[in-house]
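Below is one structure, written out as structure tokens; the observations come after it.
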Amino acid sequence: MTPVVSRFAPSPTGLLHSGNYRTAIFAYLFAKHSGGKFIVRIEDTDAARSKPEYEKNIFEALVWLDLPADETYRQSDHRARHRELLEKLIVEDVAYVSKEAPQAPGDRAEVIRFRNQGGVIAFTDVIRGSIATDVTDLGDFIIARSLDEPVFHFAVAVDDADEGVTHVIRGADHISNTARQILIQRALNLPEPRYAHLPLILDKAHKKLSKRTGAKALTEYRDIGVLPEAFLNYLALLGWNPGDDREYLSRDELIKAFDLSRVQKGSAVFDEVKLFSVNQHWMRKLSVDDFIAHLNVGRTTSYMDSEMLRRAVPLLKERAHTFSEAREMLFGELSCLFAKTSLDHTLLLVKELPERPGMTKRALEALSAALQALPEGVSAEAVKEALMPLADLEEAKGKGGRGALLWPLRYALSGRERSPDPFTLVSILGHAEAVSRVQTAIAILEK
RNA sequence: GGCCUCAUCGUCUAACGGCUAGGACAGCGCCCUCUCACGGCGUAAAUCGGGGUUCGAUUCCCCGUGAGGUCACCA
């Protein structure tokens, strides 16, 4: 059995989106599952639209996703070979130079066309089964603008054969191109690869994902702090499933389980919310050090005590779905961990009962005493055990409930109406800092 | 419009022709709770329609319908 060789063949004419990289992921997983080769070929035959920065972006993305190519090609490097075969076809009169009336700016007065004999071309798609196309209506299609400028169909047929590609895994939007490419292969006597056309990924409007309609470039997801393992996981399960109930698979598990026979035929809608949910799963699996590295807040560490940051990681894992969201929290609702915020006198008294004036202050004093009695480095659970009995105390009972005490405490510690619970805050801040903040609150009440 | 392809909850999907059509994400509700989040429990939600084949169709066949793709001197 010949080893599998798959390829990812993007054209560097723009930033690639999730749909493009999903085909790369499937091609990679398929090759690696069988221990075969994964090739990346940059299809830059359109010299006018191909840009080096787009090519750079593609490789950046593949590095980020960790989809290393066993071999890398640039289609334009094969110009001599393409020319040789083009000349051969012309000599054999399978192709011919045709005079044209240019229709659009940039059109040539002379192109190379394939002498199409017509008839039905059929192939067996690994995913969809038999697909037949009547190529008669294709006419004598163009295979090159000139001897040195082959067009996509021609270059693909030649390169796939020259590079030993056994499986062409690409989007279903290429189905109708396949017959044309087979025609060229046959004329050139090239081996015919197996084809697997993947279901398309659709946007919310159920249209093919495209940058024109707002699909994000993959690197945008990287930049807002999506983990590559999450992206890989989510995209692999869009149009494929491992055959069991697993929803979260590591890259090794994906390679092990991947199988073209379980690829869906129907297209799938890209759901960012689910991607973020998968991302949260993988964020939670990160070690504290790795998590902080991904946070990438190095420049602000003078503001953020690094020990405090470490202690905040569990809170961030609990809340954030992306690292940019985590950063927002750090500077927003969790900023109270790193700096005291000014307290609003009326907010502090929000749970004060009119019939029991001074209750808030007395509660905070009792809490302050209880906090000082706590040993250093206690868990949130231990803090809760120590403070909860106070919250249930006589004076707080009735209408105010535990909130009569817990609210001023949490507000004194965080300066915010929304924040983690007070026990967690104490355990993170340390009781010295916690006591100092409570004292500050008491001082405000005394004024 | 021609040609090609596809069709299970809102979304991603599972179900040798045979359980009450299962799971996940998102909803919703309850619990936990001073808030936010987490968590726990629960709930709603689907086989596009019509014909066949069969003892029995989500599953196989046909016809509709719908959706998408493609019809470049772009890939």
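In what follows, every chain begins at residue 1, and chains take the letters A, B, ... in the order their sequences are listed. Remember, predicted model here, so these are calculated numbers, not experimental data.
Screening residues 199-218 of chain A for salt bridge (Lys or Arg N to Asp or Glu O under 4.0 Å), with sequence neighbours left out, gives A:Asp173-A:Lys208, A:Lys216-A:Glu272. Listed by first and then second residue, the salt bridge (Lys or Arg N to Asp or Glu O under 4.0 Å) pairs that reach into residues 100-125 of chain A are A:Asp93-A:Arg115, A:Lys99-A:Glu110, A:Glu100-A:Arg113, A:Arg108-A:Glu149, sequence neighbours excluded. For residues 6-25 of chain A, the pairs satisfying salt bridge (Lys or Arg N to Asp or Glu O under 4.0 Å) are A:Arg7-A:Asp160, with sequence neighbours left out. The salt bridge (Lys or Arg N to Asp or Glu O under 4.0 Å) pairs that include a residue from residues 232-248 of chain A are A:Asp244-A:Arg246, where partners are two or more places apart or lie in different chains.
Here the nucleotide nearest the side chain of A:Asp107, chosen from B:U11, B:A75, B:C73, is B:C73.
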Enumerate all atom pairs, one protein N or O and one N or O from nucleotides 1-9 of chain B, separated by less than 3.5 Å.
{"unit_1": "B:U5", "atom_1": "O2'", "unit_2": "A:Arg128", "atom_2": "NH1", "d": "2.6"}

Give me the distances for all protein-to-nucleotides 38-46 of chain B N/O pairs that come in under 3.5 Å?
{"unit_1": "B:G39", "atom_1": "OP1", "unit_2": "A:Arg284", "atom_2": "NH1", "d": "3.4"}

Could you run down the sub-3.5 Å N/O contacts of the protein with nucleotides 15-18 of chain B?
{"unit_1": "B:A15", "atom_1": "OP1", "unit_2": "A:Arg262", "atom_2": "NH2", "d": "3.4"}

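A:Pro199 comes within contact range of no nucleotide atom at all, as no heavy-atom separation falls under 4.0 Å. Contact annotation for A:Pro10: no contact, since no heavy-atom pair falls under 4.0 Å across all strands. Within 4.0 Å (heavy atoms only), A:Lys207 reaches sugar-phosphate atoms of the nucleic acid but no base atom. Using a 4.0 Å heavy-atom criterion, one finds that A:Val111 contacts the bases of the nucleic acid, with or without backbone contacts as well. Within the nucleic acid shown, A:Ser419 comes within 4.0 Å of at least one base atom, counting heavy atoms only. Residue contacts shown for A:Glu247 include a base, since a base heavy atom lies under 4.0 Å away. If you check every strand for non-hydrogen atoms under 4.0 Å, A:His197 touches nothing. Within the 4.0 angstrom heavy-atom criterion, no nucleotide atom of any strand lies near A:Gly171. Among the heavy atoms of the strands, none lies under 4.0 Å from A:Ser414.
Nucleotide B:C48 forms a Watson-Crick or G-U wobble pair with B:G64, both donor-acceptor distances falling under 3.5 Å. When both distances must be under 3.5 Å, the Watson-Crick or G-U wobble mate of B:C9 does not exist. Pairing of B:C71, defined by two Watson-Crick or G-U wobble distances under 3.5 Å, is identified with B:G1. Base pairing of B:C30: its partner is B:G40, meeting the Watson-Crick or G-U wobble criterion (both donor-acceptor distances under 3.5 Å).
In this structure, OH of A:Tyr411 is placed 17 Å from P of B:C36, rounded to the nearest angstrom. The OH-P distance, from A:Tyr248 to B:C12, rounds to 17 Å in whole Å. Taking atom CG of residue A:Asn177 and atom P of nucleotide B:G69, one finds them 14 Å apart after rounding to whole Å. If you measure from atom CG of A:Asp245 to atom P of B:G23, you get 9 Å, rounded to the nearest angstrom. When rounded to the nearest whole Å, the span between CD1 of A:Ile143 and P of B:A72 equals 17 Å. Atom CG of A:Leu406 is separated from atom P of B:C32 by 15 Å (rounded to the nearest Å).
Remark: A:Tyr96 pairs with A:Asp140 by the side chain to side chain donor-acceptor pair (under 3.5 Å) rule, at least two apart or across chains. For the side chain to side chain donor-acceptor pair (under 3.5 Å) test, no residue two or more places apart in sequence or in another chain qualifies with A:Arg194. Not counting sequence neighbours, the partners of A:His281 by the side chain to side chain contact (heavy atoms under 4.5 Å, CB included) test are A:Tyr248, A:Lys285. The salt bridge (charged side-chain N to carboxylate O under 4.0 Å, His left out) check on A:Glu87 picks up A:Arg83, with sequence neighbours excluded. Residues passing the side chain to side chain contact (heavy atoms under 4.5 Å, CB included) test with A:Asn241 are A:Arg262, sequence neighbours excluded.
Counted by atom type alone, A:Thr45 and A:His82 present zero donor-acceptor pairs between their side chains at under 3.5 Å.
The residues A:Lys384 and A:Glu381 are annotated as not salt-bridged, no charged nitrogen and carboxylate oxygen being separated by less than 4.0 angstrom.
Applying the salt bridge (charged side-chain N to carboxylate O under 4.0 Å, His left out) test between A:Glu333 and each of A:Arg416, A:Arg327, A:Arg418, A:Arg319 identifies A:Arg319 as the sole match.
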